[in-house]
2 protein chains.
Amino acid sequence: MSMTNNYELYKVFYWAAKSGSLSQAAKSLYLTQPSVSHAIKQLEESLGLTLFYRTSKGVTLTQEGTVLYSYIEQSQMLISLAEEKMSALKNLDSGELRIGGSDSLFKHYLLPYLELFHRTYPGIRLHLNHGTTPEIITFLKEGRIDMGVVRMPIVDPQLAVKESLQLQDCFVAGAAFSGLKDRVITLEELLEHPIILFSRNSRARMAITELFRGYGYKIKPGIEVGSVDLLIEFARKGLGLSYVAKEFIAKELEDGSLFEIRLDVQLPPSHVGIMTLRSVPLSGSASKFLELIQ
Amino acid sequence: MSMTNNYELYKVFYWAAKSGSLSQAAKSLYLTQPSVSHAIKQLEESLGLTLFYRTSKGVTLTQEGTVLYSYIEQSQMLISLAEEKMSALKNLDSGELRIGGSDSLFKHYLLPYLELFHRTYPGIRLHLNHGTTPEIITFLKEGRIDMGVVRMPIVDPQLAVKESLQLQDCFVAGAAFSGLKDRVITLEELLEHPIILFSRNSRARMAITELFRGYGYKIKPGIEVGSVDLLIEFARKGLGLSYVAKEFIAKELEDGSLFEIRLDVQLPPSHVGIMTLRSVPLSGSASKFLELIQ
DNA sequence: ATTGGTCATAGACACGATCTATAGCTCCTG
DNA sequence: CAGGAGCTATAGATCGTGTCTATGACCAAT
């Protein structure tokens with residue numbers, strides 16, 4: 001579709017026009033002067049126009065050459081900017097990292113890594129998209145995020161999932177239920193108390209519902225909340241027993257504002273996985289972040 | 001100074017990104033698919049980044065590729081515009097023609113040619129710069145005009161001058177001097193009447209002064225004017241005898257509002273020359289106009 | 001399973017970009 | 001005025017590389 005079959009000629013033209021000398025242009029381009037002379041001639045022939053006045057002290061643009069230069073100069077600038085930008089992207093001086101996940105995982109798991117990453121590569125813009133697991137998967141497949149951080153298990157042939165963290169969920173309570181402290185509680189007894197669970201469509205919620213059903217019980221929360229922070233807060237205020245990953249409440253267990261309820265059954269651990277699209281290479285920033293996490 | 005040694009790769013990249021298919025790009029560029037595949041690979045390697053996701057139904061840009069595309073697209077657009085513009089310049093659909101000369105020559109000599117030229121090439125912008133002969137020569141040497149139209153003789157080794165029109169200067173008068181009609185007048189008698197001449201620094205003025213001096217007379221105008229139109233107008237109003245090229249007053253001679261004064265000496269013809277810079281190729285529009293003039 | 005599309009790879013070839021060498025020109029200098 | 005130092009243009013040889021053909025691997029749809 002283009003009339004000139006070699007854009008290289010424009011590069012030569014640009015340098016020749018810019019420096020006003022074919023010899024100078026040759027130096028800038030690491031070519032010899034005859035090469036440049038020839039290139040310009042080729043360009044002139046292919047356009048059917050004379051672009052330069054040749055004098056014994058260099059070259060100057062003709063009317064037509066001046067017009068051409070005004071376009072080519074900008075075009076070269078853009079390429080030059082593009083190359084700078086690409087170099088920045090390569091060195092992770094620029095770019096973006098888009099992660100999907102739940103707020104709780106961001107806050108309680110990824111936060112320190114994100115901090116470190118941001119300090120190491122301050123030029124990379126971080127985009128944190130929160131959503132449910134299916135939403136995250138959709139985002140990923142649409143290319144709107146680079147990776148997703150969700151609870152396992154994930155079964156999807158398009159996704160590469162790497163298990164990265166094991167969580168031990170448990171029931172916890174605050175001072176209001178101190179009668180349950182230091183004892184082993186049965187599921188039956190547990191269910192006599194108000195239960196605080198994560199909202200219905202979450203992975204963790206489905207897992208615990210399933211678990212109780214396996215033992216022949218139906219778990220029915222008194223309170224449903226949308227964030228781990230509220231699970232913790234409500235338990236502390238004595239509104240009920242929260243079901244939450246032990247790793248997320250290390251501080252509260254430490255200072256005694258919450259205690260773990262020991263059950264007569266073993267609650268299964270859950271896993272956090274990092275999903276990426278199997279078929280698609282990672283961006284520079286994404287692969288660097290993955291590296292950093294492990 | 002540039003990191004990528006071949007801008008051709010960007011062209012290939014552009015078409016591949018634009019069409020989302022290496023095969024398609026190959027068709028657009030009149031290449032084979034492996035060539036395109038290889039070119040993209042080369043570009044990716046030289047940038048150190050992956051630009052495309054390859055799938056079995058084409059390619060799509062990666063994050064980095066998208067960034068690159070945003071620059072390259074514009075760059076290609078500019079080149080494409082440049083090529084269009086160059087084509088227009090070549091076909092004289094666009095461009096400019098800058099002529100230097102005196103108002104009188106524009107009006108009485110060039111006007112019909114300018115009209116024809118403008119009708120033939122309406123896209124060409126005409127710039128008419130008037131000035132004295134030395135000014136015109138300066139303009140020409142500075143590259144501010146493409147050609148100059150002035151009275152001969154011009155002696156300047158840098159200039160190519162083509163004689164294009166012979167003018168016969170003569171003295172004319174209007175009805176007020178009808179006593180001079182149908183007679184042969186001597187120079188002496190002529191000088192008894194008020195004379196209207198062009199302003200002092202003009203070629204025509206210098207020529208006539210010189211001529212009279214050769215005959216031993218000193219010509220001293222009663223009125224000096226700055227344009228041929230005023231020469232004509234003042235003569236018609238009877239303010240004196242104007243010295244003017246016969247070719248410029250064809251209409252007035254025809255309708256009888258002016259008549260030529262016959263002298264006992266032969267007034268030398270003068271010539272109009274078209275000057276161009278000897279060392280410098282003409283612009284497309286300029287050479288076309290020269291062609292048209294002859 | 002077959003077909004038709006995609007992109008990737010390998011290896012051969014030929015064209016053309018680039019080089020060296022030289023010439024012509026203009027300007028400047030001793 | 002001769003000679004030198006710039007500049008660009010030209011000619012011809014050479015080497016590199018861009019391009020091709022042929023083929024493979026993969027995927028999706030029939």
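Quick caveat, the model's predicted, so the values are computed rather than measured. Just so it is clear: chains get the letters A, B, ... in the order the sequence lines come, proteins before strands, and each one is counted from 1.
Aromatic ring centres of A/F289 and A/Y121: separated by at least 6.0 Å. Two rings, from B/Y7 and A/Y7, have their centers 6.0 Å or more apart.
One finds a side-chain N or O of B/S37 lying less than 4.0 angstrom from the OP1 or OP2 phosphate oxygen of C/dA8. Note on B/S23: a side-chain N or O is less than 4.0 Å away from OP1 or OP2 of C/dC7. For the pair A/S35 and C/dC19, the criterion of a side-chain N or O lying under 4.0 Å from OP1 or OP2 is met. Under 4.0 angstrom from either OP1 or OP2 of D/dC26 there lies no side-chain N or O belonging to B/S56. Neither OP1 nor OP2 of C/dT6 sits under 4.0 Å from any side-chain N or O of B/R54. Put simply, A/T32 has a side-chain N or O that comes within less than 4.0 Å of OP1 or OP2 on C/dC19.
Regarding B/L22, its CG atom lies at a distance of 18 Å from the P atom of D/dC26, rounded to whole Å. Atoms NZ (B/K57) and P (D/dT30) sit 11 Å apart, rounded to a whole Å. Note: NZ (B/K41) to C1' (D/dT17) measures 16 Å, nearest angstrom. Counting to the nearest Å, the P atom of C/dC19 and the CG atom of A/L29 are 10 Å from each other. When the C1' atom of C/dT22 is taken as reference, atom CD of A/Q33 falls 11 Å away, rounded to whole Å. Nucleotide C/dA21 holds its P atom 19 Å from the NE2 atom of A/H38, rounded to whole Å. Between the NZ atom of B/K27 and the C1' atom of C/dC7 there is a distance of 14 Å, rounded to whole Å. C/dC19 atom P lies 13 Å from atom OH of A/Y30, rounded to whole Å.
For B/H130, the NE2 atom sits in a loose shell: 12 or fewer heavy atoms of surrounding residues, nucleotides or ligands are nearer than 6.0 Å.
Comparing C/dC7, D/dG18, C/dC27 against the side chain of B/Q42 picks out D/dG18 as the nearest. Of the candidate nucleotides D/dA11, C/dC7, D/dT8, D/dA11 has the atom nearest to the side chain of A/P34.
Using a cut-off of 4.0 Å between Lys/Arg side-chain N and Asp/Glu carboxylate O, A/K41 and A/E44 are scored as not salt-bridged.
Side chain to side chain, A/S102 and A/S104 meet the donor-acceptor criterion of an N or O pair below 3.5 Å.
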